[in-house]
Amino acid sequence: MDQLTLSEAEWRKRLTPAQYHVLREAGTERAYAGALTDNKADGIYACAACHLDLFDSADKYDSGSGWPSFTQPLDPEVVSDHSDTSHGMTRTETRCARCDSHLGHVFPDGPPPTGQRYCMNSISLEFHARKAG
């Protein structure tokens, strides 16, 4: 996969201030504030920064956390995990493998079959409905 590397000035031009805060500064949107949290449509969730396909709606579930949650990425190669020790705890941060943008965190408390909860910021994703037929 080709990497996408832009300067901070280029990222600021490409993203809204709110997207920049989450995707490039590892911010977090408020729980239940995201446009995609309750989305139940069939389709693909992609990185809002570089448009790489990341998650399938078939793997989305309501975790009750207030953020879009998935049991797994489309492919393990589309995300990268990093240790995050901010906020006085150790968590696993999930980033886009193409552009290194912050997406959210993954926790080992999800449902079968993976037991994983990819808890993503809605603002870090864009949704593309699957075409019928």
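All values reported here derive from a predicted model rather than from experimental measurement. The figures here come from the full heavy-atom set of this structure, side chains too, leaving out hydrogens, waters and symmetry mates.
- Applying side-chain contact (heavy atoms from CB on, under 4.5 Å) to Val22 and the options Thr16, Asn121, Leu103, Leu15 leaves one that passes, Asn121.
- Aromatic ring pairs are classed by plane angle as parallel below 30°, tilted from 30° to 60° and perpendicular above 60°; the pair Phe55 and Tyr118 is tilted.
- Here the shortest heavy-atom pairing between Gln3 and Ala97 reads OE1-O, 3.0 Å.
- Remark: side-chain polar atoms of Lys60 are paired, donor with acceptor, to backbone N or O of Asn39 under 3.5 angstrom.
- Listed for the Gln19 side chain is no donor-acceptor partner under 3.5 Å among the backbone atoms of Ala48.
- The heavy-atom pair separating Ser65 from Arg117 by the smallest distance is CB-NH1, 3.9 Å.
- Using a cutoff of 4.0 Å between basic side-chain nitrogens and carboxylate oxygens, Asp56 and Arg130 are scored as salt-bridged.
- The neighbour count for Glu77 CD, taken as heavy atoms of other residues, nucleotides or ligands under 6.0 Å away, does not exceed 12.
- In this structure, OG1 in Thr37 is found 12.0 Å from CE in Met120, a value given to the nearest 0.5 Å.
- At a threshold of 4.5 Å between non-hydrogen side-chain atoms, the residues His82 and Asp100 count as touching.
- Classification of the Phe107-His105 ring pair by plane angle, with boundaries at 30° and 60°, yields tilted.
- In this structure the side chain of His128 reaches within 4.5 angstrom of the side chain of Glu126, judged on heavy atoms.
- The two residues Trp67 and Glu29 make their nearest non-hydrogen contact at NE1-O, 3.0 Å.
- With rounding to the nearest 0.5 Å, the separation of CD in Gln72 from CD in Gln116 is 10.0 Å.
- Contact between Ala35 and Ser122 at its shortest, heavy atoms only, is N-OG, 3.3 Å.
- In terms of modelled atom types and a separation under 3.5 Å, the side chain of Ser63 and the main chain of Tyr61 share no donor-acceptor contact.
- From Ser57, atom OG reaches atom CG of Asp42 across 4.0 Å, with rounding to the nearest 0.5 Å.
- Under the 3.5 Å distance criterion, the side-chain polar atoms of Arg24 are left unmatched by any main-chain donor or acceptor of Trp11.
- With rounding to the nearest 0.5 Å, the separation of CG in Asp38 from OH in Tyr32 is 8.5 Å.
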Would Leu125 and Phe70 count as a side-chain contact (heavy atoms from CB on, under 4.5 Å) if you check the C-alpha gap in whole Å, the side-chain angles of each, and the deciding distance to 0.1 Å? CA-CA 12 Å; Leu125 302 172; Phe70 304 87; 4.0 Å; yes
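- Looking at every heavy atom in both residues, Leu54 comes nearest to Cys47 through CD1-N, 3.5 Å.
- For Ser101 and Arg95, the side-chain atoms include no donor-acceptor pair closer than 3.5 Å.
- In terms of heavy-atom proximity, Cys96 sits nearest to Ser80 at O-OG, 4.4 Å.
- Arg12 places no side-chain N or O within donor-acceptor distance of the main-chain N or O of Tyr20, the cut-off being under 3.5 Å.
- At a threshold of 4.5 Å between side-chain heavy atoms, the hydrophobic network of Ile, Leu, Val, Met, Phe, Trp and Tyr places Ile44 and Leu52 in two separate groups.
- Interatomic distance, Thr5 OG1 to Arg98 CZ, rounded to the nearest 0.5 Å: 11.5 Å.
- When each of Val106, Thr71, Asp59 is tested with Thr114 by the rule side-chain contact (heavy atoms from CB on, under 4.5 Å), just one qualifies, namely Thr71.
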